[in-house]
Asker: 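First the structure, which I've put down as structure tokens, then a few questions once you've had a look.
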Amino acid sequence: MRYSKDVKIPIGPQHPALKEPESFLISLRGEKITAASVRLGYNHRGIEKACEERTYIQDLYLIERICGICSHSHSTCFVQAVEEIAGIEIPARARYVRTLIGELERIHSHLLWLGVAGHEIGFDTLLMYTWRDREIVMDILASTTGNRVNYGINTIGGVRRDINPQQNQQILEAVGILEDRTKYYISLATSESTLINRLSGVGLLSMEDAKQLGAVGPVARASGIARDVRKDDPYAAYADLDFKVITDSHCDVYGRTLVRMGELMQSYSIIRQIIQKIPGGPITVKSPRKIPVGEAVSRYEAPRGEDMHYVRANGTEKPDRVKVRAPTLANIQAVSKMLEDRYLADLPIVIAAIDPCFSCTDRTIAVNMSDGNKNTLTWQSLRLQSLQWYRDRGVDFTELNKKVMERFSTK
Amino acid sequence: MRIIEKMITWSRLKSPWVLHFNTGACNACDIEIIAALTPTYDMERFGVVLKATPRHADILLCSGPVTKQIESRLIRIYEQMLNPKFVVAVGTCACSGGVFNGCYNVEGGINSVLPVAAYIPGCPASPKAIIDGVVKLLGSIEASGDKK
Amino acid sequence: MTEEEKIKQELEEKFGCLKDKVVIKRERRIFADVPIEKFDEIFAFTVKQMHFDAISAITGMDSGDLFTVMYHLNKEGRIVLNLTISVNKNNPSIKSVIPYFASADIYEREITDLLGIQVEGLPAGNRYPLPDGWPTNEHPLRKDWKASQSKKEVRNALL
Amino acid sequence: MGIAIFHILVFPGLLFLTIFGFVAEYFDRKLCARLQNRIGPPWFQPIADFIKLLGKEEIMPREADVIVLKLIPLFALVACVTAILYIPIWGQQAIFSFNGDIIVVLYLLTIPTLAYFLGGWYSRSVYSMIGAVRTLTQLFAYEVPLFMCILASALLADTWSISEMVTFYNHHLGYWFCNLLGFAIAIVCLLGKLEKVPFDIPEAETEIVAGSFTEFGGKLLALLRMTFNIELVVVASLLAAVFLPFGLNFHPAIIFILYLIQVFSIIAVITFLRSLFARLRLDQMIAFCWKYLAPAAFAQVLINLILKGILPR
């Protein structure tokens with residue numbers, strides 16, 4: 001076999017650097033990367049097709065599970081599109097609660113990214129420290145919404161849970177602690193020599209390239225493009241909150257780190273404003289089951305960039321088409337550009353720098369048969385099947401069902 | 001020989017090395033697995049270390065429904081691991097395919113592809129549940145170890 | 001005379017065929033039905049002269065008897081213009097917009113994979129998002145495509 | 001003859017080193033965990049890991065060269081264990097010492113690095129080949145400064161045998177300070193030799209899976225991890241003997257305890273550095289070694305040459 005100049009190494013789909021399955025075929029000459037091609041689709045579960053077979057409320061449950069880190073972004077984006085079609089005007093308090101949970105999610109997502117970036121360049125202590133601080137935000141999210149991830153706080157026409165004053169107090173305390181932790185990380189990032197060495201000059205993406213390749217979110221803002229959906233196309237309660245759009249001119253991974261930490265500081269001030277300004281009143285509005293004919297495009301500033309949902313309704317209770325375009329899909333084009341003539345050691349940090357979330361990117365789903373005959377699986381038959389499945393394994397739910405039914409009927 | 005047998009089972013309980021593989025999940029469970037290794041939950045107290053290669057690992061932590069494209073990779077990874085090896089399904093998607101069960105591109109739970117030793121339900125499975133799952137798995141190894 | 005109305009007026013002046021096709025649903029959202037033969041000209045005009053400098057996504061839909069393809073363009077991240085073209089079902093093919101936006105590559109690959117619309121000018125490359133072994137004539141997002149009855153062909157094709 | 005076998009197999013030899021290696025690994029992992037605000041593993045963790053790895057199945061990659069892979073850990077282990085015999089632990093005299101044994105020890109300690117290269121190269125997996133090549137390129141970066149500053153202190157003591165150096169420095173306690181710069185450089189180069197974080201490029205977990213040890217599993221991995229521990233202990237005791245000569249003429253047992261304290265303090269410094277820094281890239285590491293470490297080591301040699309002329313014998 002003629003020893004070709006370039007060694008081709010596959011990175012992924014299972015690779016310690018990548019939290020998720022995507023595969024890059026990298027051709028290497030010595031330590032330099034000469035070409036990189038990306039293969040996605042490992043996470044493709046087909047959520048868009050499944051959305052067409054479920055009602056809007058069931059879709060909400062499914063859309064939230066597109067991505068584990070930005071679940072609130074997807075569910076808010078979807079709900080805003082549906083409310084726009086149905087012409088529902090949600091109460092002001094619900095808009096504020098949605099913005100609050102959105103900012104809390106941005107904090108936990110950026111802290112998570114900081115830890116993963118530290119791990120990618122071998123700085124495990126940073127991973128341990130940032131993830132210890134992240135637990136503070138996770139506890140706040142768990143106490144206010146009931147679950148650490150996949151909060152399920154959105155419903156069509158408003159929010160399902162309210163924030164009581166005692167929780168406000170907890171949130172303010174947590175934000176105080178996290179603020180001086182983030183100040184410590186900012187001073188660390190600007191003074192730690194090995195960190196700066198490993199991050200600066202890596203994954204260069206000039207402003208023109210970023211525009212041409214359609215980069216979004218912190219990746220674009222680190223190349224000097226001041227574009228933030230919260231400012232340009234305000235939704236929820238962002239219209240009456242003031243905050244700065246953080247941009248940076250480093251155009252490399254170091255710039256993205258600074259942009260993300262700047263956004264953390266902005267999130268803290270936004271949350272403080274929300275807690276002060278949150279108006280009273282109801283948190284939800286009655287919404288019809290059948291959404292009238294129409295279509296809507298809704299955009300949301302997810303922690304990774306601009307997340308876009310397109311929903312088309314045909315008057316029934318099921319959407320006609322749901323299109324989800326996740327921020328990672330826009331940033332993935334820029335990765336092969338950033339990888340050109342970089343070192344192999346830079347590959348994990350460059351991929352981590354766009355903070356990829358591939359479970360957002362592949363999401364179409366279709367329902368299929370499990371017992372082989374030709375009709376589609378209805379929800380009811382699925383439930384009966386699961387009861388039967390557990391009965392075969394000696395766990396009989398029918399008595400349990402009877403008891404529950406009796407209690408309901410007596411009440 | 002009993003002493004050596006007992007010592008090996010004891011050592012298997014005390015140093016379970018873990019390899020994490022995301023078979024198409026929404027990466028909420030993967031974040032919780034890594035969160036279980038960080039200071040607040042710190043699985044290293046039980047000797048659990050996240051290893052990078054299948055050669056070094058004993059327990060394969062799978063999270064997510066098995067999508068068609070990743071099925072062959074999952075089997076290949078499982079074959080690379082050295083006996084005695086165990087598979088733990090983390091999260092509802094891994095246990096039964098969860099909300100994605102029955103889709104054209106999804107095989108269903110991990111048990112449709114590999115023999116699974118322990119199931120950790122939850123969407124996502126919280127770090128406490130993951131630690132409880134790993135400890136229960138070690139308990140079952142101990143029980144099967146004594147029986148042998 | 002908000003910015004959206006200015007854009008609507010400019011479009012209707014330039015292209016007669018768009019007379020009452022441009023609709024402003026709400027602030028910062030403009031929808032326009034574009035006849036397919038005039039599409040290149042209108043697309044070039046919006047990108048070059050009217051500085052819609054970023055494409056957010058390309059959505060493909062199966063609406064009964066036709067495929068509709070919607071291009072979501074935005075101007076400095078604020079105003080979103082959605083150009084909709086419809087393609088008949090027997091041999092659906094559209095022109096690629098990669099010359100204007102390099103990032104449109106992956107969106108067009110997705111349409112070809114999931115709806116089976118041929119895109120002229122799309123360079124060869126990895127399939128997205130379906131697995132490699134997926135049979136080329138199965139397109140999941142078509143209304144008539146039921147996952148159930150095709151499960152067997154897909155299964156044995158992949159294994 | 002019996003005493004020699006006792007020395008080789010039990011006291012400063014294999015048994016003592018294995019136990020000391022496990023204790024050192026536990027100390028290193030626990031301290032690193034505490035620095036990262038974690039609780040860290042229990043005391044018996046290294047032993048449990050070792051026994052578990054012994055109990056695992058054995059898989060050899062098809063194209064890999066089986067004999068070479070099986071012998072690699074033995075070469076590295078034997079090299080480290082023989083190196084300890086020339087380093088004074090019990091009392092001021094090592095078991096074997098002749099004029100020039102410091103050169104022998106330094107070369108014995110490069111054998112493990114070459115063994116890791118061969119192990120990586122012959123296991124024929126893409127990741128391990130790249131890891132192996134990186135091990136060698138890193139070897140050229142840290143080897144020269146390490147040798148220079150150790151030999152600089154030998155120059156001052158005007159002998160090439162470690163035991164005589166220790167007795168020389170014990171008698172002239174004042175001279176110890178002039179080697180301080182050499183000691184700092186040696187610690188940094190040690191990080192490269194032991195592949196600890198700022199320089200653990202060959203087995204960078206997030207880039208090339210596990211570097212040259214990707215294909216090692218089961219018993220081989222157990223032996224390899226034991227070799228890592230012993231190498232850590234032996235190199236730390238070499239630095240302790242050369243750069244920290246305390247314990248004038250106490251009873252040998254007291255000198256042994258002093259020796260243990262010195263080795264544990266060096267390991268603590270290494271762990272401290274390990275959890276402070278991010279991993280450097282290969283080109284940055286080589287640039288750092290040649291731009292800063294090598295000139296500093298060279299300056300250390302010059303200082304010692306001048307001092308040798310001035311200071312009274």
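Within every chain, numbering begins at 1; the chains are lettered A, B, ... in the order of the sequence lines, protein sequences first and strands thereafter.
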Asker: Report yes or no: is the cationic atom of B:K85 (NZ for Lys, CZ for Arg) under 6.0 Å from the centre of the six-membered ring of B:Y78, at an angle within 45° of the ring normal?
Answerer: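 Flagged: B:K85 positioned over aromatic ring of B:Y78.
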Asker: Which atoms form the tightest heavy-atom contact between B:A125 and B:G91, and what is the distance?
Answerer: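 Result for this residue pair: CB-N, 4.1 Å.
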Asker: Which bit of B:C29 comes within less than 4.5 Å of chain A, counting heavy atoms only: side chain, backbone, both or neither?
Answerer: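 The answer is neither part of B:C29.
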Asker: Test side chain to side chain donor-acceptor pair (under 3.5 Å) on B:S63 and B:D30; report intermediate values, then the result.
Answerer: CA-CA 7 Å; B:S63 63; B:D30 320 321; 2.3 Å; yes
Asker: So which part of B:L74 gets closer than 4.5 Å to some heavy atom of chain A, the side chain, the backbone, both or neither?
Answerer: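 The answer is neither part of B:L74.
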Asker: At a 4.5 Å cut-off on heavy atoms, which part of A:R148 comes close to chain B: side chain, backbone, both, or neither?
Answerer: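 Contact with chain B involves the side chain of A:R148 alone.
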Asker: Could you tell me if the side chain of B:F46 sits less than 4.5 Å from the side chain of B:V134, heavy atoms only?
Answerer: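 Not touching, per the 4.5 Å side-chain cut-off.
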